[in-house]
Amino acid sequence: MTRTDTMTKSISSGLTRTVSPARRAQNSIMFGLVALGTVIVLIPLALILFQVVYNGLRSINLDFFIKSERDMSMITGGGGVLNAIVGTLLMVAVALVIGLVVGIATGIFLSEYREHPLVGVVRVMSDVLTGIPAIVVGLVIYGLMITTKLPGYSGLAGGVALGLIMIPIIVRATEEVLKLVPTSIREAGLALGLPRWKVTMQIVLPAASTGIITGAILGVARVSGEAAPLLFTSFGNPDLATNLLQPMAALPSAVYSLAFKALTPAQNEQAWAGALVLLTIILISNILARFFSRPRSYRAPKANTAKT
Amino acid sequence: MENQMKLTPPPQSVISTAAVRLESQSVSIFYGEKEAVKNVDVSFKSNTVNALIGPSGCGKTTFLRAINRMHDLTPGARVTGKIMLDGNDLYGDGIDPVDVRRRIGMVFQKPNPFPTMSIYDNVAAGLKLAGERNKQKLDEVVERSLRGGALWDEVKDRLKAPGSSLSGGQQQRLCIARALAVDPEILLMDEPTSALDPQSTSRIEDLMETLKQQVTIVIVTHNMQQASRVSDTTSFFYVGDLVEHGVTSEMFTNPKDKRTEDYITGRFG
């Protein structure tokens with residue numbers, strides 16, 4: 001047998017040789033573990049979705065969206081959470097304005113002025129802000145805006161508290177996505193004789209806009225579910241309030257009071273409906289975030305489904 | 001001036017009629033403690049194409065970026081000596097680097113159109129972001145600049161298409177048009193064709209011939225044939241020194257310095 005023959009034979013036998021049963025078994029076990037883990041993660045999500053949707057849909061009706069908690073009866077339920085929906089939307093809007101302005105400015109500082117001596121300190125403080133419990137943020141605002149009567153219990157104070165929680169989320173998103181914009185783009189702008197701030201605001205920032213929008217929407221999803229910082233800032237209000245200087249209701253706190261202060265099952269069921277509305281708002285935010293962060297220039301090719 | 005006399009002066013006949021536009025006097029450039037360009041004296045005349053050649057890391061790109069003060073952006077970079085544009089020191093007191101860059105345009109190694117902007121907006125960016133609002137003027141400048149960049153005929157029907165939708169060679173011509181739109185006096189080109197195919201390269205080389213009617217071009221190139229094809233003068237850099245500067249045709253046929261000869265004949269670099 002010549003040398004070439006031997007080589008050809010060994011190669012072909014290597015290619016056609018079947019995987020040993022032991023390795024096959026090992027592969028199946030590992031795959032089983034991974035699949036099991038995935039299922040365990042999905043179970044709580046499925047349970048939450050099922051419970052909220054099933055219970056929520058039973059008591060949801062038109063009144064729920066056009067009437068306020070004031071109209072609820074302790075015996076028969078009724079009324080709605082319009083006051084809480086409007087309150088949440090208004091306060092999240094205030095938070096979004098604060099979060100975007102402060103968050104984007106800080107993100108630009110961290111990414112575009114990296115040589116500045118304060119960058120390290122600011123980044124650590126932003127990270128610390130991420131970790132501060134929401135209830136503590138609420139307490140700080142209570143000290144700053146409620147006890148001083150500037151302006152006292154109000155939607156504005158609630159919005160500011162939510163804004164503080166949103167800031168570090170937007171800072172991080174802005175910084176990360178600005179770092180992805182190539183240096184060559186900045187240089188191209190500067191080489192045209194444009195001042196640095198114009199290059200940053202009109203060339204670099206637009207190139208990073210989709211990432212910043214995604215960060216902002218995730219921030220909205222996060223804070224719209226917060227109840228703790230609102231307890232002693234916006235306080236709550238059974239009536240529909242659109243004046244930011246008045247106390248305001250919010251969905252998470254409405255769910256809390258409906259669920260725990262309920263005197264009848266009818267009211268208790270409304271807590272589920274409130275939870276459903278809240279969950280829907282957060283889901284829509286997340287879907288929007290996905291929509292904005294999808295690749296723009298091309299459609300992602302369909303993943304090849306490997307059949308092994 | 002003494003230093004310059006040591007370099008081969010261009011023969012009177014070829015480009016002596018033109019005025020000196022850009023001149024460096026004892027320019028040294030440092031990155032921290034490291035001296036990347038050492039005591040360079042060189043002058044470029046109006047409406048010429050001037051090639052900077054030399055092996056990698058010899059300081060030619062560093063020198064180029066000092067001319068429009070892009071080095072101000074590199075932490076730790078420092079420039080000593082004078083770079084004069086029409087007799088005014090670009091590093092003088094009270095000179096705003098932003099103004100310098102407005103007068104001295106730059107084209108980079110890799111095409112870098114602004115990703116979020118259309119072809120039109122890419123070209124108009126320099127004027128628009130500086131506050132020009134007159135639509136008619138912008139239209140004119142965009143057309144003139146795209147014609148200047150030899151791109152007009154290919155894109156005139158899709159000015160609203162994204163700049164990034166063009167091919168690499170077209171993108172580089174878009175970048176040239178973008179630089180031309182702010183009407184610079186000097187155009188710096190940092191290996192503008194090194195990322196392009198031969199056909200696009202030759203289009204851009206042809207373009208330089210036309211462009212020098214309106215601007216003075218300084219081009220860094222690794223490609224010796226390109227230097228000999230497009231440039232009027234050539235400067236050979238080696239480890240931070242300007243070894244030789246002279247009229248291209250002379251330098252390529254009759255280099256004065258042994259190192260120049262070795263480099264252009266391909267013995268090293």
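Numbered from 1 within each chain, the chains take letters A, B, ... in sequence-line order. What you see below is based on every heavy atom in this structure, not just the backbone, and it leaves out hydrogens, waters and symmetry mates. Because the structure is a prediction, the values reported are computed rather than measured.
- Of the listed residues (B:Val182, B:Leu129, B:Thr116), the greatest number of heavy-atom pairs within a distance under 4.5 Å of chain A belongs to B:Leu129.
- Only the backbone of B:Ile104 has a heavy atom closer than 4.5 Å to any heavy atom of chain A.
- Between B:Arg173 and B:Glu154 a salt bridge is recorded (basic side-chain N to carboxylate O distance below 4.0 Å).
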Legend entry - Chi angles and distances behind the salt bridge (Lys or Arg N to Asp or Glu O under 4.0 Å) call for B:Lys160, B:Asp121: CA-CA 8 Å; B:Lys160 295 282 166 237; B:Asp121 286 338; 5.3 Å; no
Inset, instruction - I would like to know whether B:Val220 and B:Met189 meet side chain to side chain contact (heavy atoms under 4.5 Å, CB included); could you show each step before the answer? - result: CA-CA 6 Å; B:Val220 166; B:Met189 302 178 109; over 6 Å; no
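- Of the atoms belonging to A:Gln202, heavy atoms from both backbone and side chain fall under 4.5 Å from chain B.
- Contact count versus chain B (heavy atoms, under 4.5 Å) is highest, among A:Pro182, A:Gly193, A:Gly189, A:Pro206, for A:Gly193.
- Aromatic ring centres of B:Tyr31 and B:His71: separated by under 6.0 Å.
- Heavy atoms of other residues, nucleotides or ligands lying less than 6.0 angstrom from CZ of B:Arg158 number more than 12.
- Looking at B:Arg69, there are no atoms closer than 4.5 Å to chain A (heavy atoms on both sides), in backbone or side chain.
- Between chain B and the residues A:Glu115, A:Lys198, A:Arg186, A:Glu187, the most heavy-atom pairs under 4.5 angstrom are made by A:Glu187.
- For a residue to count as touching a neighbouring chain, one of its non-hydrogen atoms must lie under 4.5 Å from one of that chain's; by this rule B:Pro162 does not touch chain A.
- Inspection of the B:Asn50 and B:Thr48 side chains reveals an N or O donor paired with an N or O acceptor under 3.5 Å.
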